[in-house]
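The structure appears right after this line, and notes come after that.
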Amino acid sequence: MCRDRQQSSPTRIQAEHSQLLDRNLVESALTKSLDFASLDELDPSLAEDFKLFAEREVPCELRSDAGRLSSDTGSVEAIRVRILVRGSQPELEAVRVELTSESDLFFHYTHTIGPAAFRQHVQEAQKLMVDFNDYPSVFLRMLSSCIQEPQNHIAVLLMEPSGNARMDFIQNMEYKFVELLSCQFQASSEEQIKQQVTYRYNAVKSRLALMQARLADINALVKLKNPSLLLQLQSVPPRMPGLTASILGATGYSPQKTLLTTLTRSPSSVRDTMQQSGRLNKSPSQKGAWAH
């Protein structure tokens, strides 16, 4: 009997040592933060030495045909605004603002301006009391006002069929509407839009893979420390995925099919379809909110 105990003791010690090593590996993996820096390096927006200054999702009123303004408003949608700068304070070389939409992959407008153009078309023409180096901060304050006070501050994007657009920041003074800032935008080319769509898809795919790997590490740690808890968690059906799957199944929506269709269609054909379907001319949600 003693001989059996002596033979089984090294095996038990090796098993415990192996389990301890596995636990240490899992815990070390969990302490590592998810690193998305490698994904950001592939961002086409950061080309030409541009750096991200700020990024916000702002409620913006979209209007088509800027040549004929009326008192009716367009559709209000959440637009993601990215402010990028080239150079460093106090000598900025250029400022770029990008507009994108999560509901429309081909919606992409840019506003790029340098010190000379800023003085001529913005500072002097609009009587602004700020320098070019303060322009990104002023633009960010405008966006923050539209987010925090949507009743008093409105962002309006006026789009023309030619691809030109103008973003106006309007303040509601109760007795009149005051235009605080106006910026000229241009619709991006098909090649630029293709690069953006490809990057956004690959970034989401890579982030999903990292999160799934992190979830697998957490499951392994829970399995080591509390196996019964892991079995209990696995027995509970997920709520949102099931609900989402039932909704997607009822509507016949397929993410893979939709993404493939989106990537294979040209931006011009999508914009034509949007204009024909009246996507940019929905029923007014805040009629009379702004009139010239």
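All values derive from a computational prediction rather than experimental measurement. Note: hydrogens, waters and symmetry copies are ignored here, and every other heavy atom, side chains too, is used.
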side-chain contact (heavy atoms from CB on, under 4.5 Å) assessment of Met159 paired with Leu62: CA-CA 8 Å; Met159 296 171 288; Leu62 303 183; 3.8 Å; yes
Closest non-hydrogen atoms of Phe53 and Val85, given as atom of the first, atom of the second and distance, are CB-CG1, 4.1 Å
Scanning both residues in full, the closest heavy-atom pair of Phe118 with Val130 reads CE2-O, 3.7 Å
Handout entry: Under 3.5 Å: donor-acceptor pair, side chain of Ser235, backbone of Gln232
Key = yes
Minimum side-chain heavy-atom gap Glu61-Ser75 below 4.5 Å = no
Item to complete: Walk me through it: do Glu102 and Arg200 pass the test salt bridge (Lys or Arg N to Asp or Glu O under 4.0 Å)?
Response: CA-CA 10 Å; Glu102 293 298 328; Arg200 291 167 67 182; 3.5 Å; yes
Linked, directly or transitively: Val81 and Ile147 (ILVMFWY side chains, under 4.5 Å):
yes
Practice prompt. Evaluate side-chain contact (heavy atoms from CB on, under 4.5 Å) for Asp43 paired with Arg82, printing each intermediate quantity in order.
Written response: CA-CA 12 Å; Asp43 189 353; Arg82 305 183 73 191; 2.8 Å; yes
| said: I want to check something: taking the side chain as every heavy atom from C-beta on, are Val178 and Ile170 in contact at a cut-off of under 4.5 Å? | reply: no
Practice problem: Apply the test side-chain contact (heavy atoms from CB on, under 4.5 Å) to residues Thr110 and Val97: give CA-CA distance (whole Å), side-chain angles for both, the deciding distance (0.1 Å), then the verdict. | Solution: CA-CA 6 Å; Thr110 58; Val97 181; over 6 Å; no
Here the pair of heavy atoms bringing Gln123 nearest to Arg119 is OE1-CG, 3.3 Å
Between the CD atom in Gln195 and the NE2 atom in His108, the distance rounded to the nearest 0.5 Å is 10.0 Å
For Asp49 and Arg86 the tightest heavy-atom approach is O-CG, 3.7 Å
Margin query: Just so I know, are the side chains of Pro44 and Phe50 near enough to count as touching, which here means a heavy-atom distance under 4.5 Å?
Written below: no
- [ ] Using atom types as modelled and distance alone, determine if a side-chain donor or acceptor of Asn133 lies under 3.5 Å from a backbone N or O of Pro90.
- [x] yes
Here the gap from Leu105 atom CG to Thr198 atom OG1, rounded to the nearest 0.5 Å, amounts to 10.0 Å
ask   = Could you go step by step and tell me if Val122 and Leu128 meet the side-chain contact (heavy atoms from CB on, under 4.5 Å) rule?
value = CA-CA 7 Å; Val122 179; Leu128 291 185; 3.3 Å; yes
>> Are the side chains of Glu98 and Gln196 in contact, using a 4.5 Å heavy-atom criterion?
In response: yes
Q) Quick one: does Gln192's side chain have a donor or acceptor within less than 3.5 Å of a partner on Ser189's backbone? A) yes
Keeping His111 on the side-chain end and Gln184 on the backbone end, is there a donor-acceptor pair under 3.5 Å?
yes
In Leu99, Thr100, Ile193, the residue satisfying side-chain contact (heavy atoms from CB on, under 4.5 Å) with Ser188 is Ile193
Could you check whether any side-chain heavy atom of Leu181 comes within less than 4.5 Å of a side-chain heavy atom of Asp168, counting everything from C-beta outward? no
Item to complete: Using a 4.5 Å cut-off on heavy atoms from C-beta on, say whether the side chain of Ile218 contacts that of Leu221.
Response: no
Report task. Could you tell me if the ring centre of Phe107 sits under 6.0 Å from that of Tyr109? Result -> yes
Rounding to 0.5 Å, atoms OG1 (Thr112) and CG (Leu84) come to a distance of 9.0 Å
Validation row, ring centre Phe139 to ring centre Phe169 under 6.0 Å
yes
Rounding to 0.5 Å, atoms CE (Met142) and CD (Gln171) come to a distance of 8.5 Å
Nearest heavy-atom approach of Glu93 to Pro115 is O-CD, 3.3 Å
For Arg96 and Ser45, the nearest pair of non-hydrogen atoms, with its separation, is NH1-O, 3.3 Å
d(Arg166 CZ, Arg63 CZ) to nearest 0.5 Å is 9.5 Å
So Met167 and Ser182, do their side chains get closer than 4.5 Å, heavy atoms only?
no
Between the CE atom in Met129 and the NZ atom in Lys127, the distance rounded to the nearest 0.5 Å is 10.5 Å
Answer whether the closest heavy-atom distance between the side chains of Leu92 and Pro136 falls below 4.5 Å. yes
